[in-house]
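Bear in mind the structure is a predicted one, so any value in this text is a computation, not a measurement.
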Amino acid sequence: MCIWKPCRETPPFGAWWWPEMWLALDASTYVGSVAVLDGANVVASGQVAMRGATEERLLPEVVRVVAVAGGWDCLTAVWVGGGPGSFTSLRIAASIAKGIATARNLPLWSGSSLALAASDPALGDGTFVIALDALRGEVYVQEFARRSGAPVAVGPWRRISADSAKSLDGEEGVRLVSLSEPNGRPHAAHLPGLLLGGLAARVDLASWEPEYGRLAEAQVVWEARHGRSLPAGPG
């Protein structure tokens, strides 16, 4: 039984409509996050380590958070972070989101994990470059301008060296926000700001995949060993 009753007397952001009860999850970094939200209100949330664990932890946390929020029948949509970021973690989150959306017959939405990090209300307004770890001494970066709590992408994301990213800090009033900062990590609970900025969209459940940003380490090793690209799968 759904014990949580969404309050919808006034839409949170004017005429902008969204499904009432979101299950949101992101695993673009080595910390996965989960939240159930009633519009702009976080009903329940949590986070788990994605790296160095002996078992998969994200799905159990999803089950726990959904139970705290009132159960599966409360949900009306699923949102999942679309990367770029950790290849394995992104695939785990995408698989969980697709499985739940399929099983519950719910629409699947996605958006940039960099935009999710830029949606942290603790950042306030201003111009920021969000930086997420891309391994091998590189980072994924994207610039956002925040006004009234909503991030707007200034340009596309790119992968650059970590040293190059440091030089962006303070350039023309831009502040670099990295994973080392308390509010530098994407968290599913920050979904409202991303929606307010129009940085999420419904995706095709069958064909959608995350934007990984780079090849999986296993593929890099295989191609280096064989001296050619890994063959594409059927279809």
[Y] and [X], any side-chain heavy atoms less than 4.5 Å apart:
X    : Y    : answer
W79  : L23  : no
H187 : Q47  : yes
V42  : S45  : yes
S178 : V139 : no
I96  : E56  : yes
E211 : L90  : no
V66  : W72  : yes
R175 : V129 : no

task = Could you check S110, S113, S33 and say which one makes a side-chain hydrogen bond (donor to acceptor under 3.5 Å, both in side chains) with D26?
result =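 Only match with D26 under side-chain hydrogen bond (donor to acceptor under 3.5 Å, both in side chains): S113.
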
Would you confirm whether [X], through its side chain, and [Y], through its main-chain N or O, come within 3.5 Å as a donor-acceptor pair?
X    : Y    : result
D204 : S207 : yes
S164 : I160 : no
R146 : G126 : no
K98  : A93  : no
Q142 : R158 : no
S119 : L194 : yes

Minimum heavy-atom distance between [X] and [Y], given as atom pair plus value:
X    : Y    : value
S148 : L196 : O-CD2, 4.0 Å
V65  : G46  : CG2-N, 4.0 Å
V68  : A44  : CG1-CB, 3.7 Å
P186 : T29  : CD-CG2, 3.9 Å
L75  : L106 : O-CD2, 3.6 Å
L132 : P84  : CD1-O, 4.1 Å

task = Look up atom NE2 in H190 and atom CG in L123, then write down how far apart they are to the nearest 0.5 Å.
result =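 Answer rounded to 0.5 Å: 8.5 Å.
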
Distance in Å, E138 CD paired with S161 OG, rounded so as to fall on 0.5 Å steps =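 Reported value, rounded in 0.5 Å steps: 7.5 Å.
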
query = Is the distance between the ring centroids of F128 and F144 under 6.0 Å?
reply =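 Ring centres of F144 and F128 not closer than 6.0 Å.
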
In terms of hydrophobic clusters joined by side-chain contacts under 4.5 Å, are [X] and [Y] together?
X    : Y    : answer
V154 : L176 : no
V152 : I130 : no
L205 : V203 : yes
V80  : V31  : no

message = Once side-chain hydrogen bond (donor to acceptor under 3.5 Å, both in side chains) is applied, do any residues pair with S86, and if so which ones, sequence neighbours excluded?
response =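 So S86 forms a side-chain hydrogen bond (donor to acceptor under 3.5 Å, both in side chains) with S89.
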
Side-chain ion pair, D73 and R104, N-O less than 4.0 Å =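 Salt bridge: yes.
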
request  = Kindly determine whether V174 and E143 satisfy side-chain contact (heavy atoms from CB on, under 4.5 Å), including the steps that lead there.
outcome  = CA-CA 8 Å; V174 174; E143 185 175 335; 3.9 Å; yes

task = Determine, stepwise, if the pair W22 / L191 fulfils side-chain contact (heavy atoms from CB on, under 4.5 Å).
result = CA-CA 9 Å; W22 292 91; L191 178 60; 3.9 Å; yes

ask   = Under the side-chain contact (heavy atoms from CB on, under 4.5 Å) test, which residues partner V48, sequence neighbours left out?
value =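 Expected list: M50, R57, L58, E61.
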
